[in-house]
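Working notes, structure below.
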Amino acid sequence: MQYKHQEIEKKWQKYWAENQTFKASDDFSKPKYYVLDMFPYPSGAGLHVGHPLGYIASDIYARYKRHKGFNVLHPQGYDSFGLPAEQYAIQTGQHPAKTTEANITTYRRQLDQIGFSFDWSREVRTSNPEYYKWTQWIFIQLFESWFNNDSNKAESIDTLIEKFSTSGTSDVNAACDDDVESFTAEEWKAFSDKKKQQVLLQYRLTFLSDTEVNWCPALGTVLANDEIVNGVSERGGHPVVRKKMTQWSMRISAYAQRLLDGLNTIDWPQPLKDSQTNWIGRSQGAMVTFEVDGHAEAKIDVFTTRPDTIFGVSFMTLAPEHELVAKITTEEQRAEVEAYVEATAKRSERDRMADVKTISGAFTGAYAIHPFSGEKVQIWIGDYVLASYGTGAVMAVPCGDQRDYDFAKHFGIEIPNIFEGVDISEEAFADKEKTIIANSDFLNGLSYKKAMKRVIYEMEQKGIGYGKINYRLRDAVFSRQRYWGEPFPVYYVDGMPQMIDAKHLPIELPEVEKYLPTEDGRPPLGNAEVWAWDTEKATVVSNDLIDHKTIFPLELNTMPGWAGSSQYFNRYMDPRNNEEIFSKDKIDYWKQVDLYIGGSEHATGHLLYARFWQKFMFDRGYVPVDEFAKKLINQGMILGTSAFVHVYDGGFASRNADSERDSSKNLIISSEVLSLIMKNINLFTDLWKNSPQKEQDIYLKYKIDKDTLLRVKKVYKRLLEAAEKLDYISIAWLRDIFPIRSIHADVSFVNASDELDIEAFKNWRPEFKEAEFVTEDDGTFKVSREVEKMSKSKYNVVNPDDICEEFGADALRLFEMFLGPLEQSKPWKTSGISGVYSFLKKLWKLFYNGDQLEVSDAAPTKDELKTLHKTIKKVEEDIENFSFNTSVSTFMIAVNELTAQKCNKRDILEPLLVLISPYAPHIAEELWSKLGHENTISTVAFPIFDEKHLVESTKNYPISFNGKMRFTMELSLDLNKEEIEAAVMAHEKTQAQLQGRTPKKVIVVPGKIVNIVG
RNA sequence: GCAGAAGUGGUGGAAUUGGUAGACACGCUGGACUUAAAAUCCAGUGGACAGUAAUGUCCGUGCGGGUUCAAGUCCCGCCUUCUGUACCA
C-alpha cells in the first residue's frame, strides 16, 4: 500500500468530527491546559500559507498536552464584526452578515483540511447576538463602576454614591474627568436627578465626553490611535483629521500603573512588553503652576520631568490650540499669533509629523511669573508642543532640553546655564546622571536626584506645584460611526444615557436600507426605522413612537472591533451559557489562557484592551486572575519568495532609422544571462561597435577568462537573433548602462530550479505574447528571486488548498514548522516541501513493504532503542521550548536511522507514532489503526524517556591541537584524565602532529574533548 | 533619534551550559532504473591549495579588537538588515 495522503486525511478528519475527539470535557478532576490562537477575522481573501503558522504551532502543543494527560481546551471562533465586510456592503448592498457567513464557510473549510484539533462545539462569533449579548453586558458593568484610587481598583458605582451622600467629594480619590467639581454631601443630595447623572458620568469607567477624535472622512468614522499609521488610516490609507465629537470612552488610563505592573507577572515576549510599556508611557515629574503677568485669573499648568531645572526656565511654550492663547495674547502680537494658529490648524497631522526639523512659533506678548524667582518669562506658542499631551504647555528649559534649546536659538531667546561645569554653547545638556545644579538658589550644588526631591518639597510648601506621575496612555474612544458592530445597550432620556437592564439583552443590530452615514451626518444606525426603546414593554420599537416619556431614542454608534475580542477567551470556557457570561465553577477551573499564540501587530491594541477588561473583571469579582494569558508567543511572518522577469527597457538599433519604438516588441532576459550582461556590459558594447580585438587583449582588458568570453559571445549572438525576430538589427548598446524593468511573475509558473514556464507566463500577461525570451545556454528561462511580504499584488501568494491537495496537510504542517524558529519571519519556498513529503513516505515504508504491512513483535535491538529514546528526549525538549523546527529534523534523523537499521519492530514504531502524531496527526492515526488499535492515537500516553538506553561505554573524543580538531579517537568513558592523556599521547597521529615538540599543556575534559597546547 | 531582534554554505536553517561549525532539508553535480519524462534509489557537495589516490595543509560564523587551553556562543567598539516607535515636555 502506498502512502495516499488525500484518502487518509479525509478519513481521519471525518473521524475526528464524528467522534468529537477534541471536545474539551468539563471534568474538573483532570489537570487543565488552555491553548488559544488569536481571534481570526474571516477575510474574503481566504487563507494563504502564512496564516496557519501559529495555528499549527498551537495545535502541536495542544495535541502534545493531550498525550501528556491534560484536559485541553483548544477552541476557535471568529472576530466577525469589522470594516471590510461593511465596506463591501456599502459597495454592493449585500448585508455584511451574508458576506461574513460566506467568508466563515471558506475559512472553516480551509482550517478543517489542515487537521486542527479545535473543539468546534465551543465556536463563538462576535457578530452573533448570543455572543454580543455578553459584550453589551460587560459594557453595562463598566458603566456601573468607578475606579477608586485609594483601593486601586474598580468598584460598584453604588459605593461612590454612598461616599457622595455621606461626605461629598472630600473623601473621594477617583480616576475621573479633569474638570470635576467639588461638593458637599448636602449639595449632592440637593442635586437634581439629571445633575446627579451628569456628575456620575464623569466618574464611570465608560463615559460620554466631547473628545478630540481622529475623524476619517473617507471612512466616515472615528479611528483609535492604533488604527492610524503615519497620520493616515491603517486600513485604506485615508487622511485623518482632528474633530470634536461626543463619544463613549473607556477609562483605561485608570489602569495605567496596573497594566504596567502586570507585565512583570506574565511570560510574554520582551519586545511586546516594551511596546506596551512605551504606549503606557509613564513619566515621573511634577505639575507646576505659573501665573500670568496681568491676568490674575489665568494660570498655566505644566507637567515637567525635570522640575530640578526650574531655574533654567527662560520662556514657556503653549500648544497653538491651548485655550489661554486667545486670552493672553497682546494687541501688538495678535495678528502674528492668529496667523500662526490658523496655519497650524490647516496643517494635517501628517505634515506636522513628517516635518520635525522646521522650527516655528510666535510670541504672545504675554509674560508668566517664575514661581520661585518671580522673574518675567516670555510666553510663546509653538507646534512642537502637542495639545493632547500633558497640559498642552511646557516650561522651556533651553539649557537642558534639546527642543527648547533649538527653539530658543531660532528665536534668539536667552539660554541661561544652570549646570555646573557644562558647556552649552553647542547643544543642550540632558544627562541626568552627571547633572550638578548651579545658579538655582536653594538647589545649587545638588545632584539630579536630590534636587528633584528638594524642589518638589519646596513647591508643595509654597503651593505652586506637586510631584506627579504622568502617563501617555489616553482613555480609549469606544464609539464607532459604523453599522457592522455591537450596538450599545443605551437609550437617551433628556440627553442622559440610560443602560437597558441586562435581562433584556441582547439588543440586536437593526436592519437598515443603507450602510452609509445619514445625510445629516449621523451614523449608519440613523437609517434604522425601528430603533427606539420602549421602557414599558422593554423592547425595541419603531422610531415613530418616540415620545420621550416611555419611548426613547437608542444610541446610534456601535462598538469598536476590539470590544468583542476583549472577552472572548473567557467566554470559550462556557460559550453556550445564556444565564451568565460564564459559570463560576468553569472560570475557576479553566482560569486563564496558558498559551496564547498570535501576531505581534496586536501589541498595543487588542492585547492592551483585553488586559484592561480582564483587570476590571477581576476587580469586580467575575474572574479569578487579573491577567488573561500566562504565556504568549508571537509567531513570525511567513514571507513570499517573489519571482521577477527582466524586460529590456532601452533602445534598439532599427532597420528603419525613424521607426518608433514598438511597445509590443519586448525582449525578456533570463536572470543568469542578465547578470552576465551586467558584469560585462562594456565588452558587449565593444562587440557591437565591432572593434575587433585580439582575444588575448580582451582577457587582459576585461580581466575575464576564456570560458566567460565564450559565454559572452554566445549570449551576444542570441541577443542579436532575438532582436532580429523582433525586426530590429540589435540592441542599442550603451557603455555602462543596460536598462531593464523588473516585473513580478506569478510564482505558480516557476519551478524549484527557478525556471519559468514561458507559455503560462505569456498567457497570463498577453502584452508579452510577442516578446522574445533570451534563455540560458541550456534553453531554460530563469527568474530572479526576492523575498517580500506575501501579497496578491506581488503574485507570490501560495494557497494552502493547493499544498494540501498535492502534498497533504501533514506535509504542510511539518513543512511550516521545518521552515525555521516559530518567532522568526522566514520566506516560503514551495520547493522545499518535497523534503518533508519524502520523509512521510519513508515513515510509511517503515511499516509497509510494498502492499504488505510488515511489523514485527520481536524485541528491539540496543541501537533501535537508542534511536527511539534519543528521539523521545529531543522531541520532548523541543516541544517544551517551542522549538518545533528542530523536532522535525529529529524525526527525519530517526526515520533515516531506523530505515538503515531495517527496523520494523512494534515496540519502536508505536512510540514513534505517538511522538510524530502532534505534528502529522493523519498519518499517525492511520498507521496506529493499521497496527490494530481501535481508538484514536490522540490521547495515548506520550512515551517515557529512559536514560539507560543512551548510556555509552565509549566516546569518540575530538583531539585538538591549539584548539583545532585534528582527529578523533574512540576511548572508554571509564578512563580518568591521566589515562585519557596517556592514551592520546601514545597515539601515532598525536606524535605526527607534535613533530617532536613537547606539549606545554594537555587539557582533558572527560566525556568531552582533549586539547593539546604547544 | 530611541527601543528591540538578527547577521553562519548557492538557499531555509542546526550547533540548548564556551568544547568535533555547517545537523536536517532544498538546490546543484554525477550515477542507477526508464523508449522518455516524472517518481524513486545511491554517491558527492563551505572555500582555496597540494596529491593519481587514500589523504593532507590553510582559510572560514557581518567587521575590528579582547578574555580563554578552546569563542558562532562571553566582553568592548563599529557596520548592515529587519521590526516597533517617535516633537511625550
Side-chain angles (χ1 to χ4, degrees), chain A residues 229-230 269-275 277-279 281-283 285 302-306 316-317 319 352-353 355-359 382-386 388-397 400-404 406-407 470-473 600-601 603-604 634 636-637 639 641 752-754 785 787 814-815 818-821 823-836 838-839 841-842 845 874 877-878 881 883 885-893 896 956-968 992 999-1005 1007-1014:
Chain A
V229 179
N230 294 329
Q270 197 54 42
L272 201 158
K273 288 185 181 181
D274 290 347
S275 53
T277 304
N278 264 328
W279 195 260
R282 182 186 200 268
S283 47
V302 296
F303 176 74
T304 175
T305 54
R306 295 295 304 273
M316 315 219 23
T317 316
R352 252 168 102 164
M353 277 209 268
D355 182 22
V356 181
K357 296 264 145 47
T358 316
I359 295 163
D383 69 358
Y384 80 96
V385 177
L386 303 178
S388 57
Y389 184 76
T391 59
V394 301
M395 57 172 232
V397 183
D401 181 287
Q402 195 57 43
R403 282 161 322 191
D404 295 344
D406 294 341
F407 194 87
N470 210 33
Y471 298 92
R472 192 175 77 112
L473 184 70
S600 54
E601 67 272 21
T604 49
N634 287 133
M637 213 188 317
L639 304 165
T641 312
S753 315
D754 294 346
R785 295 285 204 167
V787 172
L814 284 169
F815 186 53
F818 189 61
L819 279 177
E823 301 90 333
Q824 266 173 41
S825 55
K826 55 245 158 181
W828 174 275
K829 248 188 129 177
T830 302
S831 54
I833 205 170
S834 64
V836 292
S838 55
F839 157 74
K841 285 191 280 191
K842 278 187 217 165
K845 280 187 188 161
K874 176 82 173 132
E877 282 170 3
D878 284 348
N881 293 318
S883 172
N885 54 325
T886 48
S887 40
V888 178
S889 306
T890 306
F891 292 139
M892 290 176 170
I893 293 168
N896 288 346
N956 199 20
Y957 279 93
I959 314 298
S960 3
F961 292 79
N962 299 316
K964 289 194 179 92
M965 203 280 291
R966 291 304 174 192
F967 60 93
T968 60
K1000 283 193 198 119
K1001 207 173 180 184
V1002 178
I1003 313 280
V1004 178
V1005 186
K1008 283 220 160 144
I1009 197 169
V1010 177
N1011 190 17
I1012 297 162
V1013 187

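Computation of the quantities below employed the complete heavy-atom set of this structure, encompassing side-chain atoms and omitting hydrogens, waters and symmetry-equivalent molecules. All chains are named by letter (A, B, ...) in the order of the sequence lines, taking the proteins before the strands, and each is independently numbered beginning at 1.
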Requested in this report: Could you check which of rC69(B), rC58(B), rC87(B) has an atom nearest any side-chain atom of Arg966(A)?
Outcome: rC58(B)

Requested in this report: Indicate yes or no for a side-chain donor-acceptor contact from Lys842(A) to the backbone of Asn896(A) under 3.5 Å, with no hydrogens or angles considered.
Outcome: no

Report summary line: Readout for nucleotides 3-18 of chain B: B = base within 4.0 Å of protein heavy atom, S = sugar-phosphate only, - = neither; 5' to 3' it is SS-------BSS-B--

Report summary line: Across every strand shown, the nucleotide meeting Watson-Crick or G-U wobble geometry with rA36(B) (both distances under 3.5 Å) is none

Query raised in the report: What nucleotide among rU40(B), rC69(B), rU20(B) has an atom nearest to a side-chain atom of Ser838(A)?
Result: rU40(B)

Report task. Name the closest nucleotide to the Ile1003(A) side chain, picking from rG19(B), rU20(B), rA89(B). Result -> rG19(B)

Report summary line: Its glycosidic angle compared against 90° from 0, rG9(B) adopts the form syn

Query raised in the report: Is a side-chain N or O of Lys829(A) found less than 3.5 angstrom from the main chain of Pro827(A), in a donor-acceptor match?
Result: no

Query raised in the report: Quick one: which of rA23(B), rA25(B), rU20(B) gets closest to the side chain of Ile893(A)?
Result: rA23(B)

Requested in this report: Tell which nucleotide pairs with rG7(B), taking only Watson-Crick or G-U wobble pairs whose two distances are both under 3.5 angstrom.
Outcome: rC79(B)

**Report entry** rU83(B) OP1/OP2 closer than 4.0 Å to side-chain N/O of Asn634(A)
**Finding:** no

Requested in this report: Looking only at side-chain atoms of Val1013(A), point me to the closest of rG19(B), rC69(B), rC88(B).
Outcome: rC69(B)

Report task. Could you tell me the separation between the CG atom of Asp754(A) and the C1' atom of rC28(B), rounded to a whole number of Å? Result -> 12 Å

Query raised in the report: What pair of heavy atoms forms the shortest contact from Thr890(A) to Lys874(A), and how long is it?
Result: OG1-CG, 3.2 Å

Requested in this report: Using a 4.0 Å heavy-atom cut-off across all strands, classify Thr304(A) as base, sugar-phosphate, or nothing.
Outcome: sugar-phosphate

Query raised in the report: Across the strands shown, which category fits Lys1000(A) at heavy-atom distances under 4.0 angstrom: base, sugar-phosphate, nothing?
Result: nothing

Requested in this report: Give the nucleotide from the list rC24(B), rC87(B), rG84(B) with an atom nearest to the side chain of Asp383(A).
Outcome: rC87(B)

Report task. Look at all strands and tell whether Ser834(A) reaches a base, only sugar-phosphate, or nothing, counting heavy atoms closer than 4.0 Å. Result -> sugar-phosphate

Query - Distance, rounded to the nearest Å, where Glu601(A) contributes CD and rG84(B) contributes P - result: 10 Å

